[in-house]
Amino acid sequence: MSLLTRWGADLDPDAILPEHPRPQLARDSHLNLNGRWEYAITGAEEEPETYDGAILVPFSPESPLSGVDRQLLPGQTLWYRRTLPAPDGFPPAGDAPVRVLLHFGAVDQTCRVLVNGTEVGGHTGGYLPFTCDITDALHDGENTLTVAVRDDSDTGHHARGKQKLKRGGIWYTAQSGIWQSVWAECVPAVHVERLTLTPYLGEGCVEVTVHAEAAGEARVEILTAGAAVARAVVPVGQPVRVPIPDARPWSPEDPFLYDVTVELGADRVRSYVGMRSFSVGPDENGVPRLLLNGRPYFHAGILDQGYWSDGMYTAPSDEAMIHDIAEMKRLGFTMLRKHIKIEPLRWYYHCDRLGMLVWQDMVNGGGDYHPLVITAPVLTPLRLSDRRHRWFGRADAQGRARFRTELRDTVEHLRNVVSLAVWVPFNEGWGQFDAARIAAEVAELDPTRTVDHASGWHDQGGGDLKSLHVYFRRFRVPRRRRGDRRVLVLSEYGGYNLRVDGHAFNDKDFGYRRYGSAEQLGEAFSRLHTEQIVPAIRRGLSATVYTQLSDVEDELNGLLTYDREMLKLPAELVRSVNALLRLE
């Protein structure tokens, strides 16, 4: 039985996620290629003569909304095919030379892209975007776009998150193929490829870097309510600090964003920036705290896995993405920990404009995880050195190198996200290795944010946070080791279960503590916070991440059901509890 969300039930196959996929580098037009494609699953790498049927892109073939409901297995090839339309005005008329770019938000896991039988590009890694210049492969009339995908899932070392071919418990149905928007755009031969916008609130300026292949100068405007507050001419490839008079700080309480426009020759792009700073420092009592805009700020967070009952990795609509963020904000949360997944850029845009802090997990990979490493620390104080690569499923040097590459790419991909406060390289030992050194690399790549080097256990003493997961015992503030000035955070806790009949994925019930009614759950939720969490704040606790935003497959420990139809606790109860999670 498919468990549809309201947005999945109302899905229009001819208008799937039509919004511009890249709000921080947008042009006036784009050609959305979501919708009906042909698909085939074969055991060979040669394109099939006939296709199996239709698939709705960008939903993976394993998801109900794709219309396919088939699992791609290691060794198989998933084929996509569709015609590439050329509507009036695309490419735009004129004498200036243009390039046609084909963008993929994410394809899991390795793919080749062909236009009219000519290979135009490809990509490895299931969570990051890539672009193909298809100009030279196009011809007059109808063009054919083909994508060939292979996915080792959890049988290889590539990043896979919580996907598992043998799903169950905390591991979810493996998905494959195209799972974020596909779109095309025409750009001038000389065009903006990337923008880096780094706010320096204390100095009242934004550092702007315009990235392009050719040398030149770009004109930058920073605006509010349509009026320019700053202008600058920026040499391509060089960072330039642009003063912002009386800069208005961004915060969850006042998520103010400045509009940005950049012109490079005939190219014009739109973006935005928020003025904020993230750091670590002592409060008035000398306790290490997370700082927002120079002041201690408590991060009251919730674990957000980003799974949907009908679209799996893919939200069925923009409105669905907005719903989760806005609902958690309504309940009094100020932070979402995006757990082991990289979302489409529109998700981060909505966090930016709605005012929701983000902790961003990197996506884990590696070989099989040793049960002792990833489960024993739940109940024991076991802490292992992550230089024992084999114990952590990281014996493969190529896999470790691949993780480092994708970590750097992730930082660059999300660098401009205003709301992103914390990077989380590793979680609970899954594919962890050399975490202290990795944390130092992340800090060097991005000194404007803080780093939680090992969320949960196997603490290597690195990063900015001492990060604990507590599910099966009372939470107590640990004694601080001499010289450790890291901020104390409870980065996972709770996980209380309640089944809501008619809104569950199956008859399984995985969780950490089960309750039979909303009343019992509410009493336990309140007691947990008033007796354990609130007193700990005075003793140094600076952030919390409750498990979790919604049910996911077997897990029934969400505040929302998997289909997002039911909130399991009264909203006022959750708001009143979250109101206690603050620094005085």
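The structure presented is a predicted model; accordingly, all values stated were derived computationally and were not measured. All residue numbers in this chain count up from 1 along the given sequence.
- Of all the heavy atoms in G286 and R485, the pair that sits closest is O-NH2, 2.7 Å.
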*Begin from the C-alpha positions of W359 and L465 and carry the test side chain to side chain contact (heavy atoms under 4.5 Å, CB included) through to its verdict.*
CA-CA 12 Å; W359 289 21; L465 310 183; 4.0 Å; yes
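- A side-chain donor from one of S491 and S467 sits under 3.5 Å from a side-chain acceptor of the other.
- Looking at R330 and L567, their side chains come closer than 4.5 Å, going by heavy atoms from C-beta outward.
- Contact of the V113 side chain with the F130 side chain is registered, since non-hydrogen atoms from C-beta on lie closer than 4.5 Å.
- Annotation: the span from D409 atom CG to L414 atom CG amounts to 11.0 Å, rounded to 0.5 Å.
- Looking at V273 and N416, their side chains never come closer than 4.5 Å, going by heavy atoms from C-beta outward.
- Within the 3.5 Å criterion, the main-chain N or O of W183 finds no donor-acceptor partner in the side chain of N32.
- With values rounded to the nearest 0.5 angstrom, L468 atom CG is found 12.5 Å from T544 atom OG1.
- Counting only distance, with no hydrogens or angles, the side chain of N34 and the backbone of I16 share a donor-acceptor pair below 3.5 Å.
- Within a 6.0 Å radius of CZ in R241, other residues, nucleotides and ligands contribute more than 12 heavy atoms.
- In terms of heavy atoms, C132 sits closest to G121 at SG-CA, 3.9 Å.
- When atom types are taken as modelled, the side chain of R270 and the backbone of P23 share no donor-acceptor pair closer than 3.5 angstrom.
- Remark: I178 CD1 to D108 CG distance equals 11.5 Å, nearest 0.5 Å.
- When all heavy atoms are compared, the tightest approach of F59 to G311 is CD2-CA, 4.0 Å.
- In this structure, the side chains of P58 and V182 stay at 4.5 Å or more apart for every pair of heavy atoms.
- Looking at Q180 and P129, their side chains never come closer than 4.5 Å, going by heavy atoms from C-beta outward.
- A cation-pi arrangement is absent between K341 and W347 under the rule of less than 6.0 angstrom and at most 45 degrees off the ring axis.
- Checked by atom type and distance alone, the side chain of D259 never pairs as donor or acceptor with a backbone atom of L223 at under 3.5 Å.
- The residues R248 and D254 are annotated as salt-bridged, a charged nitrogen and a carboxylate oxygen being separated by less than 4.0 angstrom.
- Taking the side chain as every heavy atom from C-beta outward, L560 and D324 approach each other to under 4.5 Å.
- Residue E203 qualifies as enclosed at atom CD: its count of foreign heavy atoms under 6.0 Å is above 12.
- A donor-acceptor pair shorter than 3.5 Å can be found between the side chains of Y297 and E253.
- D304 and L336 make their closest contact through OD2-CD1, 3.8 Å (heavy atoms, listed as atom of the first residue, atom of the second, distance).
- Residues R27 and V192 come closest through the heavy atom pair NH2-O, 2.8 Å.
- Here the side chain of R480 pairs a donor or acceptor atom with the backbone of D484 at under 3.5 angstrom.
- In this structure, the side chain of N293 engages the main chain of W250 through a donor-acceptor pair within 3.5 Å.
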*Full working for salt bridge (Lys or Arg N to Asp or Glu O under 4.0 Å) between R22 and E185*: CA-CA 12 Å; R22 197 175 57 188; E185 64 178 344; 3.0 Å; yes
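- To the nearest 0.5 Å, atom CD1 of residue I302 and atom OG1 of residue T334 are 11.5 Å apart.
- Formation of a donor-acceptor pair under 3.5 Å by the S542 side chain with backbone atoms of G540 is found in this model.
- At least one side-chain heavy atom of V417 sits less than 4.5 Å from a side-chain heavy atom of S419.
- Residues H323 and W7 bring no donor and acceptor atom of their side chains to less than 3.5 Å of each other.
- Taking 4.0 Å as the cut-off between side-chain N and carboxylate O, D361 and R337 count as a salt-bridged pair.
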*Please report the C-alpha distance between H191 and E193 in whole Å, then the side-chain angles of each, then the deciding distance to 0.1 Å, and finally whether the side chain to side chain contact (heavy atoms under 4.5 Å, CB included) criterion is met.*
CA-CA 6 Å; H191 61 274; E193 295 183 345; 3.9 Å; yes
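- Relative to the six-membered ring of W37, R82 meets both conditions, a distance below 6.0 Å and an angle of at most 45° to the axis.
- Formation of a donor-acceptor pair under 3.5 Å by the N578 side chain with backbone atoms of L331 is found in this model.
- Aromatic ring orientation, H30 versus H20: tilted (interplanar angle from 30° to 60°).
- Annotation for E284: atom CD does not count as buried by contact number, only 12 or fewer foreign heavy atoms lying within 6.0 Å.
- Of the N and O atoms on the side chains of H453 and Q460, not one donor lies less than 3.5 Å from an acceptor on the other residue.
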*Mind running side chain to side chain contact (heavy atoms under 4.5 Å, CB included) on L17 and T314 for me, showing each step along the way?*
CA-CA 10 Å; L17 297 166; T314 311; 4.1 Å; yes
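- Annotation: R575, atom CZ; neighbour count of heavy atoms from other residues, nucleotides and ligands within 6.0 Å is above 12.
- Annotation: side chain of E492 is in contact with side chain of N427 (closest heavy-atom distance under 4.5 Å).
- Taking the ring centroids of Y493 and H529, they lie under the 6.0 Å cut-off.
- Residues Q24 and Y348 have side chains that never bring a donor and an acceptor to within less than 3.5 angstrom of each other.
- The OG1 atom of T196 lies 6.5 Å from the CZ atom of R415; values are rounded to the nearest 0.5 Å.
- Between the side chain of N285 and the backbone N or O of V287 there is no donor-acceptor pair closer than 3.5 Å.
- Using a 30° and 60° split on the angle between ring planes, W179 and Y313 fall in the tilted class, from 30° to 60°.
- D452 approaches P425 most closely through the heavy-atom pair O-CD, 3.0 Å.
- Looking only at atom types and distance, the side chain of R346 has no donor-acceptor partner in the side chain of S181 under 3.5 Å away.
- The distance from the CZ atom of R353 to the CZ atom of F256 is 15.0 Å, given to the nearest 0.5 Å.
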*Would you please test V147 and F104 for side chain to side chain contact (heavy atoms under 4.5 Å, CB included) and show each step?*
CA-CA 11 Å; V147 181; F104 292 83; 3.9 Å; yes
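- Using a 3.5 Å distance cut-off with no hydrogens or angles, the side chains of T5 and D310 do pair a donor with an acceptor.
- Although no hydrogens or angles enter the test, the distance criterion places a donor-acceptor pair under 3.5 Å between the side chain of R6 and the main chain of R564.
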